[in-house]
Trainee: 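Handing you a structure now.
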Amino acid sequence: MINKVIELSEQNLYACYQCGKCSAGCPSVKLMDIMPNQVIRYLQIGKPDKVLQCKTIWICASCYTCSVRCPRGIDLTRVMEAIRLIQLRKNIDYIKVREISEDVLVSVPQIALVAEFRKHTA
Amino acid sequence: MGKPKFAFYWCASCGGCEETVLDLNEKILEVVDKVDIVFWPVALDFKRKDIEVMKEGEIDVAFINGAIRTSEQEEMAKLLREKAKLVVAFGACAQLGGIPGLANFWVRSDIFDRIYKKVPTVANPEGVVPQQVVEMDGYKLTLPEFYDTVKTLDQTIPVDYYLPGCPPPPDLIMNAIETILKGELPEKGTVLAPDKALCDTCPRNETKPEKLSIKDIKRPHEVIIDPEKCFLAQGIICLGPVTRSGCGERCINANMPCRGCMGPTSEVRDQGAKAVSFIASILGVEDEEKLSEEEVQKLIDKIVDPAGTFYRFSLPASLLRRRRK
Amino acid sequence: MEPRIGVFVCHCGINIASTVDVKRVVEAIKGYPGVVHAEDYVYMCSDPGQELIRSRIKEKKLNGVVVAACSPTLHEATFRNTVSQVGLNPYRCEIANIREHCSWIHTDRDKATEKAIKIVKSIVEKVKLNDELLPISIPITKRALVIGGGIAGIQAALDIANAGYEVILVEKNPSIGGHMAQLSETFPTLDCAQCILTPKMVEVGQHPNIKLYNYAEVEDLSGYVGNFKVKIRLKASYVDWSKCVGCGVCMEKCPTKVPSEFEMGLTTRKAIYVPFPQAVPNKPVIDRENCLYFKTGKCRICEKVCTFGAIKFDEQDEFVEEEVGAIIVATGYELYPIEKIGEYGGGKYKDVINGLQFERLLSASGPTGGGVQRPSDRKVPKRVAFVSCVGSRDPELHKPYCSKVCCMYLTKHAMLYKHRVPDGEPIVFYIDIRSDGKGYEEFVQRAQEEEHVTYIRGKVSKIYEDNGELVLLAVDTLTGEPLEVRVDMVVLGMAIVPSPAVYELAKKLKIQIDANGFLTEAHPKLRPVETLTPGIFLAGCAHAPKDIPDTVAQASAAASKVLEMFSQKELQHDPMVATVDEDRCSGCGVCVTLCPYGAREIEVKDGKRVAKVNEAKCEGCGSCIAGCPAGACQQRNLKDEQLVNMVKAVLE
Amino acid sequence: MEGFEPKIVAFCCKWCSYAAADLAGTSRLKIKPNFVVIRTMCSSRVDPEFILQAFLNGADGVLVAGCHPGDCHYVNGNYKTLRRVMLLKKVLEQLGIDPRRLRLEWIAASESRKFVVTIRKFVDELKQLGPLRLEAGDDNGSNG
Amino acid sequence: MKIFYYPGCTLKTQARNFECSAMEVMKLLGYELVELNRWNCCGTVYSLASDDLIHKVAPIRNLVRVKEQGGDKVVTLCAMCYNTLKQANVFFNSDQEARDKINSFMDTEIDYEGDVEVLHLLTVLRDEVGFDNISKKVVRKLNHIKVAPYYGCLLLRPSTVAIDDAENPSIMEELLHALGVETIDFPYRNECCGTYNTVSAVDLVIDRTYRIVGLARNLGADVIVTSCPLCQFNLEVRQKDVKERFPEFEQLPVIYFTQLMGVALGVPTERLGFELNHIKPKVLMEL
């Protein structure tokens, strides 16, 4: 699994020394169930299930804050994307488009919808 | 005992070496006074058969200029070797292969193709190229074989002495003749010229900066050359450091860099390789840690035709002798 | 000399013999031109093995020896010594490496044996043309130059001076003392830095063997080990120190205030100043950049108030030359600038400071008299965050290395803060705590156990100001919780970087710097205080980040290296240097350009240029030889002909 | 090129690449015996003439190995080596010798693995290129 | 002067005020934003997986359009479009193999050479128009209001496409100062608004909006200025939801920088699309 993530993200996850700066700066961390640094940690120690089933990868909004600050140069944004894709490519949607309320559909901007579908549906 | 017998012969060369004998000017009369010229096709009407009838060692000195490029030249060289006590390789072509030696970057078929078919001024619709043997109306016509590879004289026959230069400068010639006449001959194989590089006598040697560094490479036609200053210091490739002196700095005095016709000094086995070594290592020396490999490559790429430049006169005499076929 | 070479093939137990058929090697080499004897033995380096070589040299009248054994790195010296015991010149003995480069890396016995034969033949070819050489002797000037007057330079200078040799100490600032003089107390003993440093500074100032050039810089260096010539720039101080008595009136009256370097900008100094009260020498200098007179042409108040007539505005930089035999470089460190850490405000927030600034806030002689007050409003901070690894261990954006001292000094800071502000709350953010010195771990434990300093494992991601408080976006990686910590002040453990001037200095000294700008040692383990340029040594943070004990130890080590040199009558130098055949040299000067040591120069002899080799400077790299366009220079015992023959031998 | 085993001459500087080859031995790494090391003090001692001589005497490839740029034991010798090798490669190409037969590598004393991999890759590459077959004295062309 | 302009979906719908204000302002400055013909969706989010090439075709096709229409640069207003187009362009220029593949995906289009420059309007204003020139055209004094500039993520990250320093950007402040308004030192100006999570994780966006807008107000801002339609939506429209959860929360108008420019340069307020702003920036509209 870690190798698949490394391949898709082109990031060397073994370089992470768990300083936690990614988690410290993450704007979405409050809603995450495991912290961004732990996503890498679980992959490093061979517990991919923790990562595949976490909410964190879906909450990550690809804001790149962690990526620009990582002292080891790991683009965590791409790591998150890689894990999402591993799930999405199994045809597992994170959100059900049908269940989005009419209310939301008409109120949010188009880019929010397209981005949401791109990131959260297969 | 009569006067010593001299022979002159001309193989693959431009003929300049023959002319340079005349550059001895009035001194030629002294020479003629002291020796008998028994063979000199360019000037005197002796034939090959005149030599053939001579005894072994009957000629005292044979001066052979030009490289060996055809079977006829090889035969003549061998014939003269048989008949002469001493053979002197006369001029850059005989010594090193010279300009004709640049043909070693190609093979015969390429050369024929180019000369007899592709040159724009040639009209040769049938594509006729020289043949060694042609039979026509029952007659057989022959031409000497044109070899694939140009050789130096000493790759064909043993050579006793060398007179370098393109052509050899008159003072070196005169010196050589006098030495021979006096019988004060050095060890066989000696090049009859000084064994220091050209910088030794170059008037511009003083102008070299303490650290010689080439920051940018220029070809002579691209810049106005400072007539006082070392060419290398101006970024112009000059083979002076890797070339024997004794030429009289003719090119330098005409504000052109040395192109290496006198060949390397005796400790150098391969003039081109040495030129590579010294020129490469002074490229952009003062910023060498800062220059990236790409930048160095760019600088190197400014040396147009490096092999042709560094082996201009010495390809057949070099370690590899020719382009690998 | 007709070669009579003996070849001795070692089995090295089974290390060679199991892969290389040593008997076959012996047989193959027996008939080789120049070889008059060949035999094998199980351990050539053992006493009987060496005795075997010695007796064969005598018996067979050998004039050259090849030992086919392990790498020359291991036993070249051994066997050269062996042969010299029976009168053979040691340089007529060479090692053929058939272990590391053959038996140990190959498995096919047949091919390994063939290769071993080729290796031996090539070394036989080399020995054939080896000359008998003697080491080159070089005289030594027994005076040392120490560059940098911080604790490293002070220690090194005192050690050498106390051993009875003269020392020239060059310091770029007006006073010696370096960063250590700025420190409050030192870990792990909490003794006062100034109390232990100032006596040493005074000792330097008064030592009869130490010539101190403060406010001076090394301008140029020439010469070589044992015989350096150094040119020193004495920067104009505009004060005649021989007249100045240090009364301080000038400083009192000077109208221009500039941020004090010594106080890390926390307070100001005057344009004419002594950096700090305990300075050595305690004489002022005028800072030309900021002096009103130099800027506007008017003022000269200091001149007017100086009753001793010590002010001289027309002073110029002066140069002195000194001859020394050895050099110690101790140029110290600086802190990586906060400006480079954008996410921590990039220097925008007054109350986000670096470790040295906090040292000044803690120091009894500092701008607050040792009371911790934050710079923005002089309020006593009730919560202080200490952040480690700022710029360090960050190969992507800043510096890849660990700065070594931050863990400890931040712990010390937290502890001292707690002592000064008992109800204060220090929080240390760390990634790993590195406390590997003597008493260091105990010190950290004490901070946690007794002083109740909070340690949070996690790197701070962002710092910003909100309502006079600093907000740290952080994380506790041990609980897995994000944190938003509000504090009154932040102390950053900034990366240690080499002093910026060291790059230019290294060029002048022809010593190397590493990717991070620190000076490179000759060998990371076995020659940690030497540079690759003989006679130049390293001490302190110029070499790598280190704490005070390590710095002092290294300074003393460098001093002892210098003293080791000075204990000899003259220096011995490897004779495998470049030679010039003056009859062939055209004086083209390529060698001068190529020589990294300045060992080649052009001399004019009878109106002709000829290249020379300074054998003492030549390190024998051979670059000039490969580059000599006329084949006029050679390397002793590694001549072109030898190398060409070796190439031919390995391709036979 | 079935069964063709290229011959390599490896010029190694004493301080880095020779030491790396030593370390390969000490670490008992395994390499094919296609190469023989010739030790020079610095890679900058390697004269292009030696490289041509090696080709002439039957080498299929020549390796020049030195310290990494900036790490030269002799301050800056390897910069000279770099330039010489780069220019020589161009000349070799003109002389009909594939420049890949001349390889320059920076191998630090600690990089025993790099030494092994370098040789391995070089052997593979030379196998692809086939034998060079330049013999001493051969003028490379029948004159008949 | 004409500059090709890539609008993207939202500029044609919810963010029409961004587009119309930009058009007005640029016209006043002597520039015409020429809408690209046949533009298609940029994809909104740049695809980050090594093996995902197909999602790069859409943004590249837009750049091909620029070429086809004779241009060599294209400007965007939306920060997301900017980021996606620019990242695709950078990628295209860094990988020859991918480049050939992407070109082979194109059907009737000409091959793309990687030579179109993707710009954001802010850099055009700085580098082409010049903040000095803008400052000269200011007709309304706005020195009484304090603005919190908000950059969001995608103009500043990743570093390959950033228009300014990721941690301490200044381009928007410089523009605002040229307009004569005072800015606050706003630490959250580069903090994410929660972006598309506004669809499925409104809680996250509410939290972000609460913090970002709250801090801006704390620091004394009268208005927040943005450059992205999604930031604008999250920071402005979601304030309603914030208020429901935190009754003490005070609202703050969030407008586009082009709207503020319009006011300063004297474009009649009614042409700046303030009707689409849910929280009316009264301080500006009543001038």
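Reminder, nothing fancy here: chain letters follow the sequence lines and each chain counts from 1.
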Trainee: Can you name the closest pair of heavy atoms from C:Leu470 and C:Asp488 and give their distance?
Mentor: CD1-O, 4.0 Å
Trainee: Measure distances from C:Ile431 to the heavy atoms of chain A and classify the residue's part below 4.5 Å as side chain, backbone, both or neither.
Mentor: side chain
Trainee: So, is the end of the A:Arg84 side chain (NZ or CZ) under 6.0 Å from the ring centre of A:Tyr94 and within 45° of the ring's axis?
Mentor: no
Trainee: Given a strict heavy-atom distance threshold of 4.5 Å, which part of A:Cys70 is in contact with chain C: side chain, backbone, both, or neither?
Mentor: backbone
Trainee: Out of C:Gly458, C:Pro400, C:Gly480, return the one with the most heavy atom pairs under 4.5 angstrom to chain A.
Mentor: C:Gly480
Trainee: Should A:Arg78 and A:Glu81 count as an ion pair when the cut-off is N to O under 4.0 Å?
Mentor: no
Trainee: Counting only heavy atoms closer than 4.5 Å, note whether C:Glu484 contacts chain A via side chain, backbone, both or neither.
Mentor: neither
Trainee: Please determine whether the number of non-hydrogen atoms from other residues, nucleotides or ligands lying under 6.0 Å from atom NZ of C:Lys348 exceeds 12.
Mentor: yes
Trainee: Counting only heavy atoms closer than 4.5 Å, note whether C:Asp432 contacts chain A via side chain, backbone, both or neither.
Mentor: neither
Trainee: Between C:Phe187 and C:Tyr440, is the ring centroid distance below 6.0 Å?
Mentor: yes
